[in-house]
Amino acid sequence: MTSAAHAAYMTGDRPAARELYMAALLAAPTDADALRGLGTIALQERRLTDAAARFTAALHLDPTDAMALAGLSLARPDTVTEARLRLLGAEQPQAPAPHVALAERLAGQHRWSEARRSYARAHALVPSDPDIAYNLAVSLDRAGQSDTAAAHYRTALDLAARHRAHFDTARCAARLHALEAQEAIP
């Protein structure tokens, strides 16, 4: 049932995904996939208390759940330390979630060079994710690496044409255009 929920989520049908994840959770109250899915939807809808509760429940099932810990750190940053996110990324280097969560934390603190490194790790793990590519571009842009940022803005837009993206593609295209105009000035 969670595979159908995930498919609905990936196509952008959050109401259907929420309904399917809820049905899966009713059928199996310890379904970590359903808890993480509902937590992710709540996080995107800015229902942070609900998101934190879902991710916390998933962590009660498995304290090493990288996705749940990363989600909790986004919903309630005060509950997960930067050191814990770094450790989780080192312990589970193939899991993109801790790298994204750490990058989000660092970007929120305007630590752009460090955020760029974490976004780059996540992008290497999930090169088809348009949101990670976009956030990598923003971190490069903020760190003053305009040429490389422009390339990643292009990548993000290309990926967004094929995969569901959460970032504002018009804003991304405008920033890319501004960077390209800067490059054209002799």
Side-chain angles (χ1 to χ4, degrees), residues 6-15 17 36-37 39-48 51 55 66-67 69-78 80-83 85-86 88-90 93-186:
H6 182 72
Y9 174 79
M10 293 305 291
T11 62
D13 190 352
R14 266 192 257 170
R36 287 189 305 264
T40 299
I41 290 169
L43 191 61
Q44 289 175 346
E45 294 174 346
R46 295 302 205 209
R47 294 181 293 108
L48 301 182
F55 291 127
M67 189 173 173
L69 189 63
L72 181 60
S73 78
L74 294 171
R76 297 257 334 261
D78 59 312
V80 182
T81 66
E82 178 182 325
L85 290 173
R86 288 184 187 282
L88 186 61
Q94 298 306 310
H99 300 296
V100 171
L102 178 59
E104 294 288 326
R105 171 85 48 94
L106 297 169
Q109 297 171 357
H110 303 279
R111 294 163 59 189
W112 298 111
S113 292
E114 291 174 89
R116 178 200 51 79
R117 285 191 292 276
S118 291
Y119 281 130
R121 285 186 196 107
H123 182 61
L125 294 169
V126 193
S128 62
D129 187 311
D131 295 305
I132 294 174
Y134 174 74
N135 288 325
L136 175 55
V138 170
S139 67
L140 287 160
D141 199 355
R142 296 291 179 109
Q145 299 178 24
S146 300
D147 292 344
T148 310
H152 284 282
Y153 282 127
R154 271 188 222 95
T155 298
L157 288 169
D158 289 344
L159 290 170
R162 296 188 307 264
H163 305 282
R164 187 170 192 302
H166 296 97
F167 66 91
D168 183 340
T169 56
R171 185 174 180 191
C172 178
R175 184 59 185 147
L176 175 59
H177 180 70
L179 289 175
E180 290 172 338
Q182 285 177 349
E183 290 175 12
I185 298 173

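In this text the structure is predicted, and so the values were computed from the model without any measurement. Side chains are part of it too, since the values below use all heavy atoms of this structure and drop only hydrogens, waters and symmetry mates.
Minimum heavy-atom separation, Ala95 to His99: O-CD2, 3.2 Å. The shortest heavy-atom contact between Leu88 and Ala66 is CD2-CA, 3.7 Å. In plain terms, the two heavy atoms of Leu157 and Ala173 that are nearest each other are CD1-CA, 3.8 Å. Contact between Val100 and Ala122 at its shortest, heavy atoms only, is CG2-CB, 3.6 Å. Across all their heavy atoms, Arg116 and Ser139 have their closest contact at CA-OG, 3.3 Å. Across all their heavy atoms, Ala107 and Ala115 have their closest contact at N-CB, 3.8 Å.
Contacts classified as salt bridge (Lys or Arg N to Asp or Glu O under 4.0 Å) and involving residues 102-114 (residues at least two apart or in different chains) are given here: Glu82-Arg111, Arg86-Glu114, Arg111-Glu114. Applying the salt bridge (Lys or Arg N to Asp or Glu O under 4.0 Å) definition to pairs two or more places apart or across chains, those involving residues 152-173 are Arg154-Glu180.
Applying the side chain to side chain contact (heavy atoms under 4.5 Å, CB included) test to His152 and every residue at least two apart in sequence or in another chain returns His123, Leu136, Ala137, Leu140, Thr148. Applying the side chain to side chain contact (heavy atoms under 4.5 Å, CB included) rule to Ala51 yields the partners Ala42, Leu43, Phe55, Ala75; only residues at least two apart in sequence or on another chain are considered. Under the salt bridge (Lys or Arg N to Asp or Glu O under 4.0 Å) criterion, Arg14 pairs with Glu45, not counting sequence neighbours. Taking the side chain to side chain contact (heavy atoms under 4.5 Å, CB included) definition, one finds that Asp131 meets it with Asp129, Ala165, His166, Phe167, sequence neighbours left out. Considering only residues two or more places apart in sequence or on other chains, His163 meets the side chain to side chain contact (heavy atoms under 4.5 Å, CB included) condition with Ser128, Pro130, Leu159. Not counting sequence neighbours, Asp147 has no partner by the side-chain hydrogen bond (donor to acceptor under 3.5 Å, both in side chains) test. For Asp141, the side-chain hydrogen bond (donor to acceptor under 3.5 Å, both in side chains) partners are Tyr153, Arg175, not counting sequence neighbours. For Arg36, the side-chain hydrogen bond (donor to acceptor under 3.5 Å, both in side chains) test picks out Asp33, Asp65, with sequence neighbours left out.
Put simply, CG on Leu48 and CG on Leu74 are 9.5 Å apart, with the number rounded to the nearest 0.5 Å. Summarising the geometry, atom CE belonging to Met67 is positioned 4.0 Å from atom OG1 belonging to Thr40; distances are rounded to the nearest 0.5 Å.
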Steps toward side-chain contact (heavy atoms from CB on, under 4.5 Å) verdict (Leu85, Ser73): CA-CA 8 Å; Leu85 290 173; Ser73 78; 3.9 Å; yes
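Ser118 has its side chain within reach of Leu106: a pair of non-hydrogen atoms, C-beta onward, lies under 4.5 Å apart.
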